[in-house]
Amino acid sequence: QIHPELLTAVNVQEVPNMIPIIFLSLVYHNIVPTICTQLRGNVPKIRTAIVAGTAIPALGFVLWDAVALGYAPFEAGVDPLVNLAQQGSSVG
């Protein structure tokens, strides 16, 4: 069961640790020349492909994070996988 109040937990000190992950998630820039070639320079189609190709996975990531963060209570120094295992959930 997901607990929405768990989504309000914030640990600002962890933000710098997330920066490499954020940049890693943006590596799609290397496919833009291929998209431009395949869509023959049609700017509206290229824009749609890039926006949709970014928005759809981003929505999936946000939903996955909401489920993961809303399910496991946040406790400093506690491994979420250990917490799930103690609750009898399948981990693995």
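Computed from a predicted structure; not experimentally measured. We number each residue from 1, following the sequence as shown.
Taking both residues in full, the closest heavy atoms of Asn30 and Pro33 are given as O-CD, 3.7 Å, listed atom of the first, atom of the second, then distance.
No more than 12 heavy-atom neighbours from other residues, nucleotides or ligands sit within 6.0 angstrom of CD on Gln13.
To the nearest 0.5 angstrom, Asn42 atom CG is 13.0 Å from Ile35 atom CD1. For the atom pair CD of Gln38 and CD1 of Ile46, the computed distance is 10.5 Å after rounding to the nearest 0.5 Å.
Under the side chain to side chain contact (heavy atoms under 4.5 Å, CB included) criterion, Glu14 pairs with Asn11, Asn17, not counting sequence neighbours.
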Name each donor-acceptor pair under 3.5 Å that joins a side chain in residues 47-70 to protein atoms two or more places apart or in another chain, with its distance.
unit_1 : atom_1 : unit_2 : atom_2 : d
Thr48  : OG1    : Pro44  : O      : 2.9
Thr54  : OG1    : Ile50  : O      : 2.8

